[in-house]
Amino acid sequence: MKILVCCGSGLGSSFMIEMNIKKVLVELGVNAEVNHSDLSSAASIKSDIYVGTRDIASQLTSLGGVVVSLNNMIDKNELKEKIAEAIEKIK
Amino acid sequence: MLKFILDILSVPAVLIGIVSMIGLIALKKSTSDILKGTIKTIMGVLILGGGAGVAVGALSFFGTMFQQGFGITGVVPHNEAIVGMALKEYGTQTALIMAFGMVVNVLIARFTPLKFIFLTGHHTLYMACMIAAILVVGGVQGPTLIIIGSLILGFIMALFPAIAQPTMRKITGTDDVAFGHFGTIGYVFSAWIGSIVGDKSHTTEDIKFPQGLTFLRDSSIAIALVMLVLFLIVAVASGPAFVEEKLSGGQNFLVFSVIQAITFAGGVYIILAGVRLILAEIVPAFTGIATSLVPNAKPAIDCPIVYPYAPNAVLIGFLSSFAGGIVGMVVLLLMEKSFPGLPIILPGVVPHFFCGATAGVFGNATGGLRGCIWGAFAQGLLITFLPVLLMPVLGGLGFANTTFSDADFGVVGIILGNILQFIK
C-alpha cells in the first residue's frame with residue numbers, strides 16, 4: 001500500500017504529516033510506504049491514499065485514490081482516525 | 001593524507017552527507033539505511049546544484065532583457081534560486097552552520113525559557129546559507145565564522161517562533177504548537193496592522209470566496225504563470241530584434257520567453273527535489289533527537305500549519321500581498337529616478353504566495369477580513385523593500401537577479417551585514 005502526503009511545495013508540512021503517519025501506522029500495525037511531494041508531482045506518484053490539509057485536499061480528488069482531508073495537521077487523533085478509515089476503504 | 005581529508009570535507013555535498021550520516025548513526029539505524037540515507041543526501045546537494053544552473057540560466061536571460069528594456073536592474077526574489085547559487089560558493093560553511101545551529105537551538109530550548117524547536121528544515125538550510133554568505137563578505141573566517149554563525153542561527157530558530165506565538169494562540173486556540181517559518185516579522189507586522197485597522201467580528205471565513213484560484217497552490221504552476229507574464233513584459237520592452245539577435249539565437253522572442261519562463265519553474269522544481277532529498281534524513285533525525293532531549297519544547301512548524309484554520313484568508317492574503325508587491329515595485333521605479341542604480345524588486349510568486357497567505361491568516365486572526373487584506377498588503381510591501389537593503393550586504397550574491405525573499409531573511413541579514421560593515 002502506498003500513501004502520499006501533499007502540500008504546496010512538498011517540503012515542510014507534508015513532511016511533518018508523513019512522519020506522523022509513519023507513527024500512526026506503527027500504532028495501527030499496518031505496513032505501508034509513505035512519501036511526500038508537491039502538488040505538481042502528486043499526479044505522477046501513483047498512490048492508494050492521498051493526504052492533504054483541507055485547504056488543498058480538493059486538488060487531490062482527481063488522482064484516483066482515496067483522499068484524506070485533514071482539518072488540523074498536528075492532531076494525531078484526527079490523523080489516526082482518518083487514516084484507519086481510508087485503509088478500511090481500500091481493503 | 002590531511003589534504004585528502006580536507007579535500008573531502010570541503011565538498012559541501014559530502015559534508016552535508018556526513019551530517020546526515022551522523023544523524024542516522026545517532027538514531028541507531030541499520031548499516032544499509034545509513035548508507036542509503038547518506039548517498040541520498042549527497043545526491044540531493046548535487047541535484048540542487050543542477051537545478052540552480054537551470055533556474056539561474058533562465059533568470060539571467062530575464063535580467064538581461066530587463067536591463068535592455070528598462071535600463072535598470074530587475075530582481076525576482078526566490079529563496080530556492082539564490083540558495084542554489086550560494087551553495088556553490090558557501091556550501092561548506094552552510095553545512096557546518098546548519099548542523100551546529102540545530103545543536104544550539106536544542107541547547108537554548110533545553111536551558112532557557114525559549115522552549116521552541118524549529119522544525120522547518122529547508123528554512124534552516126536557507127538561513128544557514130545566508131548567514132554564511134554575509135559572514136564571509138563581512139570578513140569573518142574559519143572556526144569563528146562557524147561558531148558565530150551557529151549561535152545566530154540557533155538563537156533565531158528559538159526566538160522567531162516565540163515572536164509569533166501570541167498570534168498563533170489566537171489562530172489555533174491552543175498553546176501546544178508553534179510557528180516556524182522565516183517570514184515571522186512580516187506575519188507579526190500583518191497581525192499588528194490587522195489589530196489597528198481590522199474588525200474581528202467580520203472574518204474572511206464568513207464570506208464566500210471563489211475557490212477557483214486554488215490551483216495556484218501548485219507552486220510550479222504558479223511560478224510558471226507569473227514568470228510567463230513577467231517574461232512577456234520584458235520581451236516586449238526589450239524588443240524582438242535584441243532578444244532574437246543576442247539571446248535566443250534566432251528563435252522568435254515570444255516563444256523564447258515562454259520557454260524560459262517555464263524553464264525557470266522547472267529549475268525551481270529540480271532545486272526543490274534536491275532540497276527534499278537533503279532533508280529526508282536530517283529532519284527526522286533532528287526531530288527525534290530534539291524532542292527526546294527537550295520533551296516539553298513546542299515544535300515550530302512550517303507556515304502551512306495555519307492554512308487550514310482560514311482557507312479564504314490564504315487566497316485573499318496571497319492576492320493582497322501580491323498587490324502590495326506590485327505597488328512596492330512601482331514605488332521603487334519612481335524612487336530609482338532620484339536614486340540611480342536602485343534594484344527594482346519584482347513580485348516573486350513563491351514568497352508572495354507562502355508569506356502572503358500566512359500574513360493573511362495572521363491578519364485575519366487579529367482584524368478579520370479587513371485585517372487580512374491590509375495586513376497581507378503591508379507584508380507584501382515589506383518583502384519588496386527589505387531585499388533592497390539586504391542585497392548590498394550579500395557581496396557578489398547581491399548582484400544576482402534573485403535574492404532571499406522572506407521577511408526574516410531581510411531583517412536578520414540587514415542587521416548582521418551592517419554590524420559587520422560597521423566593525424570593519
Side-chain angles (χ1 to χ4, degrees), chain A residues 2-26 31 33-45 47 50-63 67-79 81-83, chain B residues 79-80 119-126 172-174 176-178 180-181 211 214-224 265-266 268-269 271-273 275-276 278-280 283-284 287-288 298-315 318 350 353-354 357 361:
Chain A
K2 278 188 168 181
I3 302 176
L4 183 70
V5 192
C6 300
C7 70
S9 61
L11 286 179
S13 46
S14 55
F15 195 3
M16 204 62 49
I17 299 171
E18 176 193 315
M19 291 194 282
N20 287 337
I21 290 181
K22 283 181 173 161
K23 283 184 206 151
V24 164
L25 288 176
V26 173
N31 204 354
E33 188 187 330
V34 193
N35 285 304
H36 66 284
S37 84
D38 61 302
L39 285 169
S40 295
S41 310
S44 58
I45 307 174
S47 301
Y50 293 92
V51 182
T53 48
R54 69 172 171 139
D55 50 306
I56 58 161
S58 63
Q59 302 262 311
L60 302 169
T61 45
S62 58
L63 301 177
V67 174
V68 172
S69 165
L70 299 173
N71 293 320
N72 180 341
M73 70 169 79
I74 50 152
D75 183 349
K76 281 268 190 59
N77 295 328
E78 183 198 3
L79 186 67
E81 201 174 287
K82 288 186 171 167
I83 290 289
Chain B
N79 285 335
E80 283 74 22
L119 294 182
T120 308
H122 58 287
H123 264 198
T124 311
L125 172 69
Y126 301 167
T172 64
T174 79
D176 300 336
V177 63
H181 191 257
Q211 295 293 310
T214 339
F215 75 97
L216 288 175
R217 292 299 303 277
D218 189 332
S219 57
S220 316
I221 303 304
I223 295 172
V268 173
Y269 183 92
I271 294 173
L272 290 179
V275 173
R276 222 169 279 143
I278 295 172
L279 298 177
V283 169
T287 312
K298 294 184 180 69
I301 298 173
D302 197 3
C303 59
I305 179 77
V306 300
Y307 296 170
Y309 293 97
N312 282 342
V314 167
L315 289 173
F318 164 53
V350 174
F353 191 88
F354 287 99
V361 179

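To find a chain, count down the sequence lines: A is the first, B the second, and so on, and within it residues start at 1. None of these values were measured; they are calculated from a predicted model.
For the pair A:Phe15/B:Val283, a side-chain contact is recorded, criterion being any heavy-atom separation below 4.5 Å from C-beta on.
Of all heavy-atom pairs spanning A:Asp38 and B:Tyr269, the tightest one is OD2-CE1, 3.6 Å. For the residue pair B:Pro308 and A:Arg54, the shortest heavy atom distance occurs at O-NH2, 2.5 Å. Looking at every heavy atom in both residues, B:Ser219 comes nearest to A:Gly8 through OG-O, 3.2 Å.
Highest contact tally toward chain A, considering only B:Gly121, B:Ala222, B:Ala310, B:Ala280, is held by B:Ala280 [criterion: heavy-atom pairs under 4.5 Å]. Most heavy-atom pairs under 4.5 Å with chain A: of the set B:Asp302, B:Asn312, B:Ile221, this distinction falls to B:Asp302. Interface check for chain B: of the options A:Met16, A:Gln59, A:Lys22, A:His36, the most heavy-atom pairs under 4.5 Å are formed by A:Gln59.
At a 4.5 Å heavy-atom cutoff, B:Thr120 makes no contact with chain A through either its backbone or its side chain. Of the atoms belonging to B:Leu315, not a single heavy atom falls under 4.5 Å from chain A. Heavy-atom distances place the backbone of A:Asn71, and not its side chain, under 4.5 Å from chain B. Heavy atoms of B:Ile301 lying under 4.5 Å from chain A belong exclusively to its side chain.
Here OG of A:Ser9 is found 4.0 Å from CZ of B:Phe354. Values are rounded to the nearest 0.5 Å. Taking CG of A:Asp75 as the reference point, atom OG1 of B:Thr172 lies at 12.0 Å (rounded to 0.5 Å). With rounding to the nearest 0.5 Å, the separation of CG in B:Leu125 from CG in A:Leu11 is 10.0 Å. Between the CZ atom in B:Arg276 and the OG atom in A:Ser14 there is a gap of 7.0 Å [rounded to 0.5 Å]. Separating the CD1 atom in B:Ile305 from the SG atom in A:Cys7 is a distance of 11.5 Å, to the nearest 0.5 Å.
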I would like to know whether A:Ser40 and B:Asp218 meet side-chain hydrogen bond (donor to acceptor under 3.5 Å, both in side chains); could you show each step before the answer? CA-CA 6 Å; A:Ser40 295; B:Asp218 189 332; 2.3 Å; yes

